[in-house]
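Structure, as structure tokens:
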Amino acid sequence: MAPTVTTSRISLGDLTPNNIGQLRVLNSTLFPVNYSDKFYKEVLEVGEFAKLAYFNDVCAGAVCCRVEPIDTNESASKLYIMTLGVLKPYRHLGIGRKLLDHILEHASSNNEQTITEVYLHVQTTNQEALSFYKNQGFEITGTTNNYYKNIDDKDAYVLTKPIHQ
């Protein structure tokens with residue numbers, strides 16, 4: 001009989017200048033994109049919308065988001081998931097779900113501004129990620145051709161989930 005995994009083995013930690021190197025390593029391993037120093041500087045400023053995930057104290061994943069204003073409504077914003085990833089040996093243990101649940105919870109309870117939706121881009125060929133987000137209530141709401149620059153599969157779907165305050 002296979003052992004069951006409990007979420008108590010998963011913890012989330014704040015991003016700090018002292019551990020930003022862990023995020024750099026994760027992103028270079030997980031994503032086919034190189035992120036700029038500006039990206040890493042900005043994610044240190046977003047508070048609860050950037051987290052590292054640990055499994056038994058091993059850094060195994062991360063999420064980084066930014067809040068974007070909605071042009072037509074000054075009091076409303078949307079949350080863009082810039083990155084959310086979990087190292088392959090740690091997938092299917094609930095880490096990605098815990099990261100996503102954390103940002104969704106903080107998006108719906110954000111007192112500083114009203115966040116009406118969460119969205120992200122996913123490569124059209126990344127079936128594992130598409131399945132994960134669809135299972136969490138995201139829907140494909142568009143396609144961006146040539147979204148990715150220096151990789152073979154350049155097209156991305158836009159996935160969106162409304163936030164209920």
Side-chain angles (χ1 to χ4, degrees), residues 5-70 76-123 126 128-130 132-133 135-138 144 147-151 156-165:
V5 176
T6 61
T7 55
S8 62
R9 300 166 103 182
I10 302 168
S11 60
L12 302 183
D14 293 339
L15 271 175
T16 70
N18 294 330
N19 64 19
I20 197 78
Q22 290 179 312
L23 179 64
R24 286 180 184 270
V25 171
L26 281 170
N27 284 351
S28 68
T29 302
L30 291 168
F31 304 112
V33 175
N34 292 320
Y35 292 95
S36 68
D37 289 340
K38 181 182 178 214
F39 170 89
Y40 292 102
K41 184 178 179 185
E42 288 176 357
V43 297
L44 287 171
E45 305 298 321
V46 296
E48 293 299 320
F49 293 125
K51 290 290 183 183
L52 293 173
Y54 298 90
F55 186 82
N56 287 341
D57 297 325
V58 174
C59 189
V63 63
C64 298
C65 306
R66 71 173 176 246
V67 177
E68 300 177 343
I70 296 175
S77 300
K78 52 190 175 180
L79 188 69
Y80 178 61
I81 300 174
M82 298 183 290
T83 62
L84 190 157
V86 176
L87 294 172
K88 198 170 202 111
Y90 296 93
R91 292 181 187 162
H92 307 290
L93 298 174
I95 298 169
R97 174 71 189 260
K98 186 160 182 121
L99 286 164
L100 185 60
D101 285 350
H102 176 83
I103 63 154
L104 292 173
E105 177 184 324
H106 283 274
S108 65
S109 64
N110 190 326
N111 294 328
E112 295 174 24
Q113 58 209 87
T114 301
I115 296 175
T116 59
E117 69 179 26
V118 177
Y119 79 106
L120 69 149
H121 289 87
V122 175
Q123 276 180 293
N126 188 342
E128 187 176 13
L130 291 168
F132 171 77
Y133 288 111
N135 286 337
Q136 307 310 315
F138 283 77
T144 304
Y147 179 76
Y148 299 102
K149 302 301 177 218
N150 297 315
I151 58 176
Y157 289 126
V158 177
L159 283 85
T160 305
K161 180 175 182 162
I163 295 292
H164 305 287
Q165 299 290 329

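Everything quoted here is computed from the prediction, not taken from an experiment.
Side-chain contact between Leu130 and Leu159: present, with at least one pair of heavy atoms (C-beta onward) separated by less than 4.5 Å. Contact check for Leu84 versus Leu120: no side-chain heavy atoms found under the 4.5 Å cut-off. Lys98 has its side chain within reach of Leu12: a pair of non-hydrogen atoms, C-beta onward, lies under 4.5 Å apart. When side chains are defined from C-beta on, Thr144 counts as touching Val158, because their heavy atoms get closer than 4.5 Å. Leu23 places a side-chain heavy atom less than 4.5 Å from the side chain of Cys64. Side chains of Phe138 and Leu100 form a contact here, defined as non-hydrogen atoms less than 4.5 Å apart. For the pair Gln123 and Phe31, the minimum side-chain heavy-atom distance is 4.5 Å or more. Looking at heavy atoms from C-beta onward, Ile115 lies in side-chain contact with Phe49 at the 4.5 angstrom threshold.
By the side chain to side chain contact (heavy atoms under 4.5 Å, CB included) test, Pro162 is found to be paired with His164, residues two or more places apart in sequence or in another chain being considered.
The minimum heavy-atom distance between Lys161 and Gln136, with the atom names listed, is NZ-O, 2.6 Å. Here the closest heavy-atom approach between residue Pro69 and residue Ser77 is recorded as CA-OG, 4.1 Å. Taking all atoms of both residues into account, the shortest heavy-atom contact from Ala107 to Val118 is CB-CG2, 4.4 Å. In plain terms, the two heavy atoms of Leu93 and Pro89 that are nearest each other are CD1-O, 4.4 Å. Closest non-hydrogen pair, Lys78 versus Tyr119, comes out as CD-CE2, 3.8 Å. Considering all non-hydrogen atoms of both residues, Val86 and Gly96 come closest at CG2-N, 3.7 Å.
Between the CD1 atom in Ile81 and the CD1 atom in Ile103 there is a gap of 3.5 Å [rounded to 0.5 Å]. The CG atom of Leu15 lies 10.5 Å from the CD atom of Glu48; values are rounded to the nearest 0.5 Å. Taking CD1 from Ile70 and OG1 from Thr116, the interatomic distance works out to 3.5 Å, rounded to the nearest 0.5 Å.
Pairs engaging residues 22-37 under the salt bridge (Lys or Arg N to Asp or Glu O under 4.0 Å) rule: Arg24-Asp37 [sequence neighbours left out].
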Under the side-chain contact (heavy atoms from CB on, under 4.5 Å) rule, what do Val43 and Ile20 come out as? Steps first, then yes or no, please. CA-CA 9 Å; Val43 297; Ile20 197 78; 4.0 Å; yes
Do Glu128 and His92 pass the side-chain contact (heavy atoms from CB on, under 4.5 Å) test, and can you show the C-alpha distance, the side-chain angles, and the key distance before you say yes or no? CA-CA 11 Å; Glu128 187 176 13; His92 307 290; 3.4 Å; yes
Test side-chain contact (heavy atoms from CB on, under 4.5 Å) applied to Tyr157 and Asn126, step by step: CA-CA 10 Å; Tyr157 289 126; Asn126 188 342; over 6 Å; no
Run the numbers on Tyr80 and Glu117 for side chain to side chain donor-acceptor pair (under 3.5 Å), then give the verdict. CA-CA 9 Å; Tyr80 178 61; Glu117 69 179 26; over 6 Å; no
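In this structure a side-chain-to-backbone donor-acceptor pair under 3.5 Å is missing from Arg66 to Leu79. With hydrogens and angles ignored, the 3.5 Å screen pairs no side-chain donor or acceptor of Asn27 with any backbone N or O of Gly85.
Within a 6.0 Å radius of CG in Asn135, more than 12 heavy atoms belonging to other residues, nucleotides or ligands are found.
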Could you list the donor-acceptor pairs under 3.5 angstrom formed between side-chain atoms of residues 52-62 and any protein atom two or more places apart in sequence or on another chain?
from  : atom 1 : to    : atom 2 : distance (Å)
Tyr54 : OH     : Gln22 : OE1    : 3.3
Asn56 : OD1    : Arg9  : NE     : 3.4

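A tilted orientation is assigned to the rings of His102 and His106, their planes being inclined by 30° to 60°.
There is no side-chain donor-acceptor pair under 3.5 Å between Glu42 and Tyr35.
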